[in-house]
Amino acid sequence: MDLSVTPNDADQVAAAILSWYDQHGRKSLPWQQNRTAYKVWLSEVMLQQTQVNTVIPYFENFITRFPDVQTLAAAGIDEVLHLWTGLGYYARARNLHKCAQVVTDKYKGEFPEDPELLEALPGIGRSTAAAIAAQAYNKRAAILDGNVKRFLARLHCVPGWPGQGNTLKALWRLAEHYTPQQRCQAYTQAVMDIGALVCTRRNPKCDQCPAERWCAARLTASQHDFPHSKPKKTNPVRQSTLYMLYVPNSGYLLLQRPPTGIWGGLWSLPDAKEIKNLLGQLPETEEKQHLEHKFSHFTLQAEIHLCTLNTQQNKPLSLNIREQGQRWYNPEQPDNIGLPGPIHKLLHALRT
DNA sequence: AAGTCGGGGTT
DNA sequence: AACCCAGACTT
């Protein structure tokens, strides 16, 4: 690893990157139009571990429904999760909602400019705080997302994979080193664009890169060795039994999942234990389906039991009382709630 | 430091 | 099928 750079080098590299940005950088992304701190923040949170093209329609939906931070703060969490459904990492949506309320109440609806204050807000870490400060307020702050990690790891042949402590520390040091005092908004966008469009994971377009002449990996033809890839491990399989409990004229029973854990805050099907708590016994199954869903860190295999309850059996479920965390879901008149993709698919697959 | 938390795009 | 994506948060 070559950390023997001087401030003078950093200025030259930053100047080349800024010049590249003026010619080739992205300037028409939705959150770059009529830029506000609210739009920058919303986009940055959505873009955490999520690709640009995936985010765009969600961003548009959110801006239409919640045009400002006060509107988002005043909304119900179920509607926020509903609009977030499919984006994944639902803690982001809960933190987003909470953050909107803090900004509305504590900061009178104006996001702070200081990265340290931004980082204290829920759902905003070091890189996102810097991105908001730089993009919304043109403040000098270094970002380090996946794009920049790859770009810097190659530029200096930084060993190790970025999840490792010392590797991450070296990358942050480089990120701070190259971030210029001036035009930080453009620079920040530029390094992300270079990572996304030029210094790609495979087949990087080094001949188009403004930092080619300084790149240690390019010099040694070792672009493909950096950054080192994450050590892989096999994902476990978790098995479960879920019930599609149907009550005529009401719908399917859904339970709200606890705020933390998988599908946190979303509405899902009850498992056998939950059904037994509610009914005292397991109902007779009419039909079974198999569900397999792959998460990034485990595979879910579930047996789906279809059951219909007659009116007499309804009583233990307090049909006429809307219990906290329980609801009846009618696929023909769906509620605006957060519903995991595979559960939504199950509930809407029974079209006759 | 390691684990948890999604769903989708790309190859 | 494997790998990664505009990471944050908990343990």
Side-chain angles (χ1 to χ4, degrees), chain A residues 25-26 29-32 39-59 81 84-96 98-99 118-132 134-136 141-151 153 160-169 171-172 175 188-197 199-203 224 227-236 238 257-266 268 293-300 338-345:
Chain A
R26 288 181 286 193
L29 293 167
W31 40 91
Q32 296 175 312
K39 288 186 190 174
V40 170
W41 162 72
L42 177 60
S43 68
E44 288 299 333
V45 174
M46 287 184 163
L47 286 161
Q48 289 166 2
Q49 294 290 287
T50 311
Q51 295 184 346
V52 169
N53 287 336
T54 302
V55 163
I56 288 175
Y58 287 88
F59 177 82
L81 286 169
W84 199 274
T85 291
L87 258 190
Y89 286 129
Y90 299 96
R92 290 187 297 173
R94 294 190 301 276
N95 285 331
L96 186 88
K98 177 64 179 171
C99 183
L118 286 166
E119 195 175 347
L121 293 167
I124 300 180
R126 182 173 174 184
S127 188
T128 299
I132 296 169
Q135 303 266 6
I143 64 162
L144 188 62
D145 64 0
N147 291 312
V148 182
K149 286 173 184 170
R150 184 170 52 251
F151 172 68
W161 71 283
Q164 200 141 33
N166 51 354
T167 303
L168 195 59
K169 192 174 174 183
L171 291 171
W172 268 115
T188 301
Q189 186 65 51
V191 281
M192 290 190 291
D193 288 351
I194 290 169
L197 306 173
C199 195
T200 47
R201 192 160 63 87
R202 277 175 299 224
N203 304 323
H224 291 286
H228 295 176
S229 60
K230 178 175 144 184
K232 64 172 182 180
K233 61 175 178 49
T234 57
N235 280 347
R238 297 186 199 171
R257 297 188 55 81
T260 59
I262 202 78
W263 292 340
L266 273 63
S268 185
H293 184 71
K294 289 180 183 305
F295 293 89
S296 47
H297 53 306
F298 69 92
T299 297
L300 172 67
L339 214 52
I343 303 300
H344 183 275
K345 193 173 173 183

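Residue numbers begin at 1 in each chain, while the letters A, B, ... track the order of the sequences.
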Are any protein N/O atoms closer than 3.5 Å to N/O atoms in nucleotides 9-11 of chain C? If there are, list each pair with its distance.
from, atom 1, to, atom 2, distance (Å)
C:dC9, OP1, A:Gly123, N, 2.4

For A:Arg201, what residues pass the salt bridge (Lys or Arg N to Asp or Glu O under 4.0 Å) criterion, not counting sequence neighbours?
none
Among residues at least two apart in sequence or on other chains, which ones pass salt bridge (Lys or Arg N to Asp or Glu O under 4.0 Å) with A:Arg238?
none
Could you run through nucleotides 5-11 of chain B and give me one letter per nucleotide, 5' to 3': B if any protein heavy atom sits under 4.0 Å from the base, S if only the sugar-phosphate is that close, - if neither?
BBB-SBS
Side chain to side chain contact (heavy atoms under 4.5 Å, CB included) against [X], all qualifying residues, sequence neighbours excluded:
X: A:Gln189; result: A:Tyr21, A:Arg26, A:Leu29, A:Gln32, A:Gln135, A:Met192, A:Asp193
X: A:Lys230; result: A:Trp161
X: A:Ser43; result: A:Trp31, A:Leu47, A:Phe59

In this structure, how many angstroms lie between the [atom2] atom of [N] and the [atom1] atom of [X], rounded?
X: A:Leu118; N: C:dG7; atom1: CG; atom2: C1'; answer: 16 Å
X: A:Asn235; N: C:dC3; atom1: CG; atom2: P; answer: 11 Å
X: A:Lys232; N: C:dC4; atom1: NZ; atom2: C1'; answer: 15 Å
X: A:Trp84; N: C:dA8; atom1: CH2; atom2: C1'; answer: 12 Å
X: A:His228; N: C:dC3; atom1: NE2; atom2: P; answer: 15 Å
X: A:Trp161; N: C:dA2; atom1: CH2; atom2: P; answer: 18 Å
X: A:Trp41; N: C:dG7; atom1: CH2; atom2: C1'; answer: 16 Å
X: A:His224; N: C:dC3; atom1: NE2; atom2: C1'; answer: 15 Å

Name the atoms and distances for all side-chain donor-acceptor pairs under 3.5 Å in residues 257-264 of chain A, with sequence neighbours left out.
from, atom 1, to, atom 2, distance (Å)
A:Arg257, NE, A:Ile262, O, 2.8
A:Arg257, NH2, A:Ile262, O, 3.3

How is A:Leu168 classified with respect to the nucleic acid when contacts are heavy atoms under 4.0 Å: base, sugar-phosphate, or nothing?
nothing
With heavy atoms under 4.0 Å as the rule, sort A:Arg26 into base, sugar-phosphate or nothing.
base
Can you tell me how far apart CD1 (A:Ile143) and CH2 (A:Trp172) are? Round to the nearest 0.5 Å.
8.0 Å
Under 30°, 30 to 60°, or over 60°: which ring-plane class applies to A:Phe298 and A:Phe295, parallel, tilted or perpendicular?
parallel
In whole angstrom, give me the gap between the P atoms of B:dG6 and C:dT11.
15 Å
Residue list, side-chain hydrogen bond (donor to acceptor under 3.5 Å, both in side chains) with A:Thr128, at least two apart or on another chain
A:Gln48
